[in-house]
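Notes to accompany the following structure.
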Amino acid sequence: MSQRPSAPSTRRFCYVAQGRVPEIDQLHQIFAGRQLVSLTWDAQRDGSIFLPKSSWSVGRRTLCQHALADQTIDYIVFMDGDAITTPAELDVFEQVVSDLRPAVAVPRVPKTERYTRKLNIQRYPWVLAYDSDEQFQCFDVRVLRDHLGGSPYVSEYDEVSWWYPCVLNQK
């Protein structure tokens with residue numbers, strides 16, 4: 001496993017994830033040594049928030065409120081329980097975000113690749129993706145607190161479709 005960056009420019013991250021207990025168990029192993037706040041809806045789990053029958057957006061809003069209570073973090077990273085990564089990938093992600101300090105960051109994934117392919121990736125260390133996958137999104141806490149009313153997730157339309165909060169978040 002690679003060393004975590006220790007430069008003064010490294011930002012402080014809080015990861016928040018919701019999923020089924022087995023997924024959250026796996027994430028807690030991967031995120032050992034990192035700040036992870038988790039939520040389950042299928043069963044209670046020690047160390048996780050239990051919110052039975054909660055929607056995706058309500059779960060994320062709940063996690064966001066818990067994370068924002070910590071005044072020492074710079075970024076909140078929202079994750080689905082099945083968004084599996086590695087400690088080495090997290091090290092790289094945290095270093096890139098710490099160096100660039102974007103308002104919002106999402107990793108390149110197959111869903112967004114069609115938007116980034118036409119750009120010269122070697123020339124630009126970052127890309128603007130206007131369509132992102134909500135399974136892994138990173139927000140500067142100042143954006144959440146000062147511009148998005150504490151959460152980027154809208155839950156008023158959850159009963160119409162589970163997809164509406166995703167579309168609103170993308171826009």
Side-chain angles (χ1 to χ4, degrees), residues 4-5 7-19 23-24 27-28 30-31 33-41 48-49 51 54-87 89-113 115-116 119 124-158 162-171:
R4 291 195 64 193
S9 66
T10 301
R11 311 310 286 168
R12 294 168 304 243
F13 293 82
C14 177
Y15 294 87
V16 297
Q18 67 191 91
E23 297 168 341
I24 297 301
L27 285 179
H28 275 277
I30 294 168
F31 284 75
R34 288 184 162 85
Q35 187 173 352
L36 173 62
V37 179
S38 57
L39 180 147
T40 59
W41 67 82
S48 294
I49 300 164
L51 198 55
S54 58
S55 68
W56 178 82
S57 64
V58 168
R60 287 210 174 184
R61 291 176 66 83
T62 301
L63 287 164
C64 188
Q65 290 169 1
H66 281 269
L68 284 173
D70 182 344
Q71 299 293 313
T72 67
I73 59 173
D74 299 302
Y75 284 96
I76 298 175
V77 181
F78 296 90
M79 297 180 61
D80 290 347
D82 61 354
I84 302 303
T85 186
T86 66
E89 289 173 335
L90 292 169
D91 288 344
V92 171
F93 180 78
E94 289 175 8
Q95 190 59 57
V96 169
V97 170
S98 293
D99 291 345
L100 295 176
R101 298 186 180 182
V104 179
V106 294
R108 289 176 59 193
V109 296
K111 180 178 177 182
T112 59
E113 193 64 26
Y115 297 100
T116 59
L119 299 174
Y124 300 104
W126 52 270
V127 296
L128 296 175
Y130 295 103
D131 187 14
S132 65
D133 193 321
E134 296 78 22
Q135 70 180 14
F136 189 106
Q137 293 182 314
C138 177
F139 289 85
D140 184 309
V141 295
R142 295 170 301 175
V143 171
L144 294 170
R145 285 187 182 120
D146 301 342
H147 302 289
L148 295 176
S151 176
Y153 303 102
V154 175
S155 54
E156 282 88 19
Y157 307 104
D158 283 1
W162 68 271
W163 182 242
Y164 280 15
C166 299
V167 172
L168 292 170
N169 176 265
Q170 288 177 12
K171 299 306 173 209

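These numbers were taken from a predicted model, which means no experiment stands behind them.
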Do D91 and Q95 meet the criterion of a side-chain donor-acceptor pair at a distance under 3.5 Å? no
Any side-chain heavy-atom pair of C64 and F78 under 4.5 Å: yes
CZ-CD1 distance between F13 and I73, expressed to the nearest 0.5 angstrom: 10.5 Å
With sequence neighbours left out, write down each residue that passes side-chain hydrogen bond (donor to acceptor under 3.5 Å, both in side chains) with D70, or none if nothing qualifies. Q35, T72
When rounded to the nearest 0.5 Å, the distance separating CZ of R11 from CG of D74 is 4.0 Å
With sequence neighbours excluded, tell me which residues meet side-chain hydrogen bond (donor to acceptor under 3.5 Å, both in side chains) with Y15. E94
Are any of the side-chain heavy atoms of F139 and R145 separated by less than 4.5 Å? no
Considering only heavy atoms from C-beta outward, does the side chain of S38 approach that of H28 to under 4.5 Å? yes
When every non-hydrogen atom of A67 is compared with those of V16, the smallest separation belongs to CB-CG1, 3.9 Å
Taking it one step at a time, do W56 and R61 satisfy side-chain contact (heavy atoms from CB on, under 4.5 Å)? CA-CA 9 Å; W56 178 82; R61 291 176 66 83; over 6 Å; no
Listed partners of A83 passing side-chain contact (heavy atoms from CB on, under 4.5 Å), at least two apart: M79, Q135
Under the side-chain hydrogen bond (donor to acceptor under 3.5 Å, both in side chains) test, residues paired with T40 that sit two or more places apart: none
Could you check if a side-chain atom of T86 sits within less than 4.5 angstrom of a side-chain atom of E89, using non-hydrogen atoms only? yes
Check against side-chain contact (heavy atoms from CB on, under 4.5 Å), V77 and Q137: CA-CA 5 Å; V77 181; Q137 293 182 314; over 6 Å; no
With sequence neighbours left out, write down each residue that passes side-chain hydrogen bond (donor to acceptor under 3.5 Å, both in side chains) with S54, or none if nothing qualifies. none
So CH2 of W41 and CD of Q18: to nearest 0.5 Å the spacing works out to 6.0 Å
I'd like to check F136 versus D80 (side-chain heavy atoms, cut-off strictly below 4.5 Å). Are they in contact? no
Quick one: does I76's side chain get under 4.5 Å of C138's, heavy atoms only? no
Less than 4.5 Å apart, side chain to side chain, heavy atoms only: is that true for I84 and L27? yes
Apply side-chain contact (heavy atoms from CB on, under 4.5 Å) to H66 and list each qualifying residue two or more places apart in sequence or on a separate chain. V37, I49, T62
Quick one: closest heavy-atom pair of S48 and I24, and the distance? OG-CG2, 3.7 Å
Test item: D140 and V104 side chains (from C-beta on) under 4.5 Å apart, heavy atoms: no
